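Right, one structure below, let's go through it.
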Amino acid sequence: MLKLITPVMQVVEWPMRALQRVLGPRRLAWAFLAPNLVLFSLFAFLPVILNFVYSATGSDHILLRDRSYVGAQNFAQLLNCQSYTDPNSCRIDVFWRAVWNTVSFVVLQVTFMVVFSLLTALILNRKIRARGFFRAVFFFPVLLSPVVVALVWKWMLQDQGLLNATLQNLGFGTVNWLLSPGWAFGWSVFISVWAHMGFYTLILLAGLQAIPRDVYEAAAMDAAGPWRVFRRITLPLLMPTMVVVLVLALIKGVQTFDEVYAFTGGGPGSATMLVIQYIYQTGFAGTPRLFGLASAASILVALVLVGLTAVQLWLTRRNANG
Amino acid sequence: MTKFKRVLGTAAALALLAGAAQAVELRFECAQDGNECDTMNAIFQKFTAQHPDITVKMDLVPYKAILENLPVDLAGGAGPDLAKVTDLGGLHKYYLDLSPYVNKADWEKTFGKTLDWYRAGPDDHGIYGIQTQLTITGGFINKTLFDQAKVAIPGPGATWEDWAKASVAVAKATGTKYPMAMDRTGHRFAGMAMPYGATYFDDKGNPELGDPGFVAAAKQFVAWNQDGTMDKNVWAAQGGATYADASKEFINGDLVFYYSGSWQVQKFASQIGDGFDWEVIPAPCGPAGAGHCSGMPGGSGVVGFKSTKHPKEVAQLLDFLAQQDNYATLEAKSLNIPAHAGVAAAGVKYEGASPAAAKALNAFAAQVPTLSPVAYAYQGYKNNRAMFNITVTRLTQAIVGELSLDEALARMKDDLAQALAAAK
């Protein structure tokens, strides 16, 4: 290997030394960082800046030169509500329906996700038969495409789907799961938990395995019961991992789009429309394409995500400092 | 000798370069609908045989790319030379005016009112596109179910309510799951709204979603979805303006009456086969009276774009496609209803169509002369897609109970104002 690297280094050495003489050792670091910074600016900073610029413009034209400056009008439209808890009183009612759907979705999804992931991780951490197989089974849905997950569940839950056929064969009445706002929303949460639980289970499992065994042995010698061991040892020592899982699940929950969109399309009506779907439909799938309104909505969502990330950093640091 | 060879070689190279400079390749973007793009491509090859210096490169793309990517490409100046489009008025600002290159009077005589669908408004007299696929919305019935139920099929002039009553009676007698269904789009809903007297435009020609006819149809449609006359799954189980249809239910024999359009004929002919007898019914009427029994026209057309570097060649190609024999070949092979007056008058001998399909296509073709002026105006209005989407989104909210019908109608008015302001 060294034989290969040495000639390359000999070729590179001279220009590097020359560059160092010109720039000095401190500035040379910037020369190395420059290509990455250019790419990062182009694909990360520029879209963010453009998003802010678009949010202050109107019309359905895509090129900035054709768009008119409207100031904060898009934000004003989105935030124009008599009562934020009643979407019907809002100028853009669908946005607020999507916001409240997202809040309910995140609360339910994150709660179930953390609880079920923890339970699964606790079970898979025990010496059970075929433990490797079950770990793979729980992780498998994470590998599937969200659209595949959504379509498979849709085939099972549609009016003449597998679940209703089974219920009918067993002599029960059928339910039109996708026509009822409550059921459609409930199933969306369930599918999302089912699809992503394996990922969080894996993180918690790693956290559980990092807990020193001697602490449990000491507890066993003191005749501590399983519930007490869980409450006093497992949970406190797992807390740093739990915080990571909680915040990751929260951020992912707010960003949910593909599987719910493919599963219900946001329906019935707007019962399962989440805020990212609203942004997509307003900016790209609707006619006319309201890029300004979609950009403004995406900035509001970004602010929420920045807040959640700040909470994560604060909690992580607090945990690290004991 | 060597010197001579060098001169000869240079001359040959220059001749080749000159030839290459003159050769024109036109990029044509097309979303396959049945075999329409392939048939067009074969006609374009014939064109190239006559004009060896002009070749056509066809890019087959998904329909979604035509709806969502093409407008963005055109806005960025990176569009193709020509494309098959369905948002006929919506993309007007990018169209190439063929008037300087074609016989305008001939085109006016041949394609008549469909030319308006590509224009900016009544004051625009340009020639922008050729309607290759004329579609008409209309009703299909499962005739076998009517026969089994011994319910008489409503005759010509029957209203939407007559069809609803008959369909419910058939569904009840035969144990069929759904009496009626309609595709989830504002375009199809217009086929029901016009017989109820919907005008879609006020006296000054401004678009509106809330005239008395429209309100009456909306009220009836919501009621039919709520009482089970209409298959609620089609409209209510979706969100936003997502398209949904009930072709699967009709093909499976789970539906008595299906309001869709002429583009379903090929699919029904091939997938239903001998399963049951089906028919195309005359356009249902409504409270507005006999003059308003009309479906909605639509379809797709081929347009050139003004960003092309070869406007003359694009016009030549479209003019070639518009020639009666070429156009007749296209319609006969792709099983479409012709928008070309000469081809329509001569009749189309559909190739490979089953007797049921041919009968259905001719039944739809017979409805073309009776299409309402409102239907032509609405189809030709450049912001009609926004109106379609608003209708679907808000009517669905009324069906599922998120909004009352009055609230939904008020929201439609606001949404339309916002859309028109953005589209200015």
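In what follows, chains carry the letters A, B, and so on, assigned in the order in which the sequence lines appear, proteins first and then strands, with residues in each chain numbered from 1. Quick caveat, the model's predicted, so the values are computed rather than measured.
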Return yes when atom [atom1] of [X] has more than 12 non-hydrogen atoms of other residues, nucleotides or ligands closer than 6.0 Å, and no otherwise.
| X | atom1 | answer |
| --- | --- | --- |
| A:Phe257 | CZ | yes |
| A:Phe199 | CZ | no |
| A:Phe52 | CZ | no |

(request) Measure distances from B:Leu403 to the heavy atoms of chain A and classify the residue's part below 4.5 Å as side chain, backbone, both or neither. (result) side chain
(request) Please report the shortest heavy-atom distance between B:Ala422 and A:Leu290, naming the atom on each side. (result) CB-CD2, 3.3 Å
(message) If you compare all heavy atoms of A:Leu63 against all heavy atoms of B:Ala75, which two are closest, and at what distance to 0.1 Å?
(response) CD1-O, 3.0 Å
Go through chain A and chain B and list any donor-acceptor pairs closer than 3.5 Å, backbone and side chains both.
residue  : atom : partner  : partner atom : Å
A:Asp60  : N    : B:Ala422 : O            : 2.9
A:Gln77  : OE1  : B:Gln418 : NE2          : 2.8
A:Asn88  : O    : B:Arg411 : NH2          : 2.7
A:Cys90  : O    : B:Arg411 : NH1          : 2.9
A:Cys90  : O    : B:Arg411 : NH2          : 3.0
A:Arg91  : O    : B:Arg411 : NH1          : 3.1
A:Asp93  : OD1  : B:Arg394 : NH1          : 3.3
A:Asp93  : OD1  : B:Arg394 : NH2          : 3.0
A:Asp93  : OD2  : B:Arg394 : NH1          : 2.9
A:Asp159 : OD2  : B:Tyr178 : OH           : 2.6
A:Asp159 : OD2  : B:Asn233 : ND2          : 3.3
A:Asn176 : ND2  : B:Asn233 : OD1          : 2.9
A:Gly265 : O    : B:Gly239 : N            : 3.4
A:Gly269 : N    : B:Gln238 : O            : 3.3
A:Ser270 : N    : B:Glu402 : OE1          : 3.4
A:Ser270 : N    : B:Glu402 : OE2          : 2.7
A:Ser270 : OG   : B:Glu402 : OE1          : 2.6
A:Ser270 : OG   : B:Glu402 : OE2          : 3.1
A:Ala271 : N    : B:Glu402 : OE2          : 3.3
A:Arg289 : NH2  : B:Leu67  : O            : 2.9

(message) As an exercise: rank B:Ala241, B:Gly90, B:Gly76, B:Ala419 by heavy-atom pairs under 4.5 Å with chain A and give me the winner.
(response) B:Ala419
(request) Report the option among A:Leu178, A:Leu179, A:Ile92 that has the most heavy-atom pairs separated by less than 4.5 Å from atoms of chain B. (result) A:Leu179
